[in-house]
Amino acid sequence: MCDLIIFFLFLLRLPNAQTHCSIFLVIFFINSMSIPFVSRFLSSSIRPKNPGSSFTTLSVTNPVEKYWIHLDSNDPSIEKALTKVGAKLDSSCVKEVINRCNSANQSPILGLRFFIWAGIQREYRHSSYMYNIACKQFRINQNPNLIRDVIDAYNLDNCVVNVKSFKIVLNLCKEARLADEALWVLKKMIDFNCRPDTSAYNAVIRLYCETGRVDEALSLMEEMSLSNLYPDMVTFVSMVKGFCDLGRVEDASRLFKVVNQQGCSPNVVAYSVLLDGICRVGNLEKGLNLLQEMENEGGVCAPTVVTYTTMIRSFCEKDRSMEALTVLDRMEACGCAPNRVTISTLINGLCQEDQVEEAYKVIDRLAAKGSVSKSECYSSLVVTLLRVNKFEEGEKVFRRMLVSDLKPDGVACSEMLKRLCLKEKRVLVAFVLYNEIEKLGFAACIDSEIYSIMMDGLCTESHLLEASKLAKSMVQKSIQLKAPYVQNVVEYLKKAGEMELVSRIYKVNDG
DNA sequence: CTAGGGTTAG
């Protein structure tokens with residue numbers, strides 16, 4: 001609201017202030033109403049009432065169907081129609097509708113408009129998972145012009161588009177990593193009488209930073225002040241990270257000076273990013289100095305788990321994991337508890353340098369303190385040992401966990417079984433181990449892909465008894481057999497006469 | 001309700 005007033009005052013200073021003002025007041029009025037209200041208002045007063053596009057029958061109860069009817073009816077005011085539907089929105093509904101748009105060979109613009117419309121509804125918010133789904137479904141990466149097309153479509157159909165809609169589009173750009181399109185969208189906002197805010201700028205700036213175009217990001221940041229917007233900590237962190245990713249640590253540090261001069265103190269996130277950048281260019285000693293400064297400064301700068309973990313990781317990556325241990329000491333001395341990431345980073349570094357004994361020591365020491373459980377520590381150890389090709393040791397640890405009632409996590413179980421099946425070619429052993437995991441009640445965390453791999457292996461080696469046992473267990477748990485393994489498995493089971501099992505497998509796979 | 005930032009593993 002405050003921003004709006006500033007903008008209003010800004011407009012008053014322009015030569016043709018009166019026109020601007022009246023436009024502004026209209027926008028202001030519309031913006032302050034909720035979208036459903038606006039469209040109700042518009043549709044009852046302007047549009048003729050035709051509640052019956054002939055498709056709308058009373059028998060349609062499924063939300064997906066209800067929305068789909070309107071998308072399939074070629075009505076240019078899609079959004080108004082959608083708003084009138086009033087059916088419950090959730091992610092599975094959104095997913096299904098856009099899925100259907102694509103399979104029905106409808107224009108992707110239609111599906112996109114639905115997606116954007118859904119995202120601005122009060123009772124619903126797109127998760128980042130949904131943005132990912134949308135990008136894949138509409139193949140936005142392959143067709144970046146869709147972004148421009150959908151905005152143009154709004155223009156053509158005279159749609160009321162608000163800032164929130166633009167945010168959805170910007171988020172799509174972010175997911176698809178389309179910096180230029182995002183900037184285009186940002187510039188386009190003004191045509192729809194929408195004023196980009198700091199978060200809109202931040203989205204674009206971040207995209208430019210992530211794609212290595214930091215200098216363009218910098219000029220966008222400077223442009224913000226022309227719209228009476230001020231870069232905030234998020235803007236600043238993006239810029240610092242952008243420079244650091246390019247190894248331009250000096251430029252990143254210079255930003256800190258500017259911020260300090262403006263009387264702001266960069267927070268721990270900003271410093272942590274800088275610390276990471278300094279370490280990445282190989283200057284670990286300078287990194288340690290910065291860490292020291294942060295500790296001395298305290299307050300918003302006080303190092304957190306993430307800061308210390310970054311420092312630890314840097315030492316590990318430079319094959320100096322024994323020194324990483326001293327950072328751990330320091331961290332604990334400062335009262336900062338290591339978390340799971342800290343531990344796996346350390347374990348990883350130590351094992352890579354053949355210091356497995358030290359890894360055990362660290363685990364004993366940390367598990368005693370209790371900020372990370374023994375189960376988590378040993379799970380990390382198992383995964384690491386497999387990764388650094390110390391399989392026997394990993395298997396030993398894994399089995400010891402099972403007999404001492406330490407629950408291995410999903411990644412540890414999955415990696416163990418996968419390795420036994422694929423590289424070690426010990427499918428039967430994997431199957432027996434799986435049964436043990438199951439008996440202990442830990443099987444729920446196993447990746448569904450692993451079942452398929454085990455199934456495939458058992459069939460290939462003609463272990464009929466075990467294969468049918470596993471298949472039954474999969475059917476019972478509704479775990480799908482993944483596509484690449486279907487043929488081999490089904491062929492084998494058919495040959496063995498397990499026709500019923502095959503049909504049950506197909507049933508699971510068809511959903 | 002009202003965004004957006006930093007660390008690991010598969």
Side-chain angles (χ1 to χ4, degrees), chain A residues 1-3 31-32 34 119-126 128 131 162-164 166-168 170-171 174 196-207 209-210 229 231-242 244-245 252 266-280 294 300-301 303-317 324 327 331 336 338-349 351-352 372 376-388 408-419 422 445-450 453:
Chain A
M1 183 55 75
C2 202
D3 288 345
N31 270 340
S32 53
S34 70
I120 65 175
Q121 300 311 302
R122 264 207 192 154
E123 68 283 359
Y124 172 79
R125 241 195 86 154
H126 288 314
S128 56
Y131 282 104
N162 62 10
V163 181
K164 221 169 151 189
F166 276 104
K167 290 269 172 68
I168 312 278
L170 285 173
N171 278 335
K174 175 181 154 195
D197 56 8
T198 305
S199 91
Y201 267 96
N202 280 349
V204 185
I205 287 173
R206 195 172 157 210
L207 266 170
C209 287
E210 282 177 353
L229 292 172
D232 58 8
M233 202 51 77
V234 176
T235 329
F236 174 58
V237 169
S238 301
M239 289 302 313
V240 173
K241 192 161 178 8
C244 286
D245 285 344
N267 65 9
V268 60
V269 179
Y271 276 109
S272 299
V273 172
L274 180 65
L275 177 88
D276 185 43
I278 290 172
C279 292
R280 264 168 23 208
M294 291 170 73
V300 289
C301 302
T304 65
V305 201
V306 180
T307 324
Y308 286 110
T309 304
T310 299
M311 195 71 234
I312 288 172
R313 200 203 63 229
S314 302
F315 274 115
C316 291
E317 278 173 356
V327 180
M331 164 177 195
C336 183
N339 64 16
R340 195 196 165 131
V341 181
T342 321
I343 315 248
S344 14
T345 307
L346 258 174
I347 292 177
N348 194 37
C351 290
Q352 252 167 3
V372 185
E376 288 179 297
C377 291
Y378 283 114
S379 292
S380 279
L381 181 61
V382 169
V383 175
T384 300
L385 288 170
L386 297 193
R387 240 200 14 254
V388 299
D409 68 8
V411 182
C413 290
S414 302
E415 285 305 297
M416 193 54 166
L417 294 174
K418 188 160 133 190
R419 173 71 177 256
L422 299 180
C445 56
I446 297 176
D447 195 284
S448 65
E449 171 108 25
I450 304 302
I453 292 174

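On a predicted model such as this, the values are computed, not experimentally measured, just so you know. Note on naming: letters A, B, ... go to the chains in the order of the sequence lines (proteins, then strands), and numbering restarts at 1 for each one. Just so you know, these numbers use all the heavy atoms, side chains as well, and skip hydrogens, waters and symmetry mates.
- Between A:Arg122 and B:dC1, a side-chain N or O to OP1/OP2 separation shorter than 4.0 Å is absent.
- Within 4.0 Å of A:Thr342, counting heavy atoms only, lies no atom of the nucleic acid at all.
- One atom, NZ of A:Lys167, and another, P of B:dC1, lie 17 Å apart when rounded to the nearest Å.
- A straight line from CG of A:Leu386 to P of B:dT8 spans 20 Å, rounded to a whole angstrom.
- To the nearest angstrom, P of B:dT7 lies 9 Å from CZ of A:Arg280.
- Residue contacts shown for A:Lys241 are limited to sugar-phosphate atoms, with no base heavy atom under 4.0 Å away.
- Looking only at side-chain heavy atoms (C-beta outward), A:Thr345 and A:Asn348 stay at 4.5 Å or farther from each other.
- Between A:Arg340 and B:dA9, a side-chain N or O to OP1/OP2 separation shorter than 4.0 Å is absent.
- Heavy atoms of A:Thr307 sit under 4.0 angstrom from at least one base atom.
- Counting atom types as modelled, A:Ser344 pairs a side-chain N or O with a base atom of B:dT8 as donor and acceptor under 3.5 Å.
- Between the side chain of A:Thr304 and the base of B:dG6, a donor-acceptor pair under 3.5 Å is found.
- Closest to the side chain of A:Val269, from the set B:dT7, B:dG10, B:dG6, is B:dG6.
- The ring pair (Phe, Tyr, Trp, His ring centres under 6.0 Å) check on A:Tyr271 picks up A:Phe256, with sequence neighbours excluded.
- If you check B:dG6, B:dT8, B:dT2 against the side chain of A:Arg125, the one that comes closest is B:dT2.
- Counting to the nearest Å, the C1' atom of B:dA9 and the CG atom of A:Leu346 are 14 Å from each other.
- A:Asn267 comes within contact range of at least one nucleobase, with a heavy-atom separation under 4.0 Å.
- Which of B:dG6, B:dT8, B:dG10 sits closest to the side chain of A:Val268 comes down to B:dG6.
- Within the nucleic acid shown, A:Val273 comes within 4.0 Å of sugar-phosphate atoms alone, with no base atom in reach, counting heavy atoms only.
- The side chain of A:Thr309 lies closest to B:dT7 when the candidates are B:dT7, B:dG10, B:dG5.
- Atom C1' of nucleotide B:dG5 and atom NZ of A:Lys174 are separated by 10 Å, given to the nearest angstrom.
- Here the C1' atom of nucleotide B:dT2 and the CD atom of A:Gln121 are 16 Å apart, to the nearest Å.
- When rounded to the nearest whole Å, the span between CD of A:Glu317 and P of B:dT7 equals 12 Å.
- A salt bridge is defined here as a Lys NZ or Arg NE, NH1 or NH2 lying under 4.0 Å from an Asp or Glu carboxylate O, and A:Glu317 with A:Arg313 meets this definition.
- A:Tyr124 places its OH atom 18 Å from the P atom of B:dC1, with the value rounded to the nearest Å.
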> Under the side chain to side chain contact (heavy atoms under 4.5 Å, CB included) criterion, do A:Ser379 and A:Val411 qualify, and how do the steps go?
Replying inline: CA-CA 8 Å; A:Ser379 292; A:Val411 182; over 6 Å; no

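- For A:Asp409, the salt bridge (charged side-chain N to carboxylate O under 4.0 Å, His left out) partners at least two apart in sequence or on another chain are A:Arg340.
- Salt-bridge check for A:Asp276 with A:Lys241: failed, with every basic side-chain N at 4.0 Å or more from each acidic carboxylate O.
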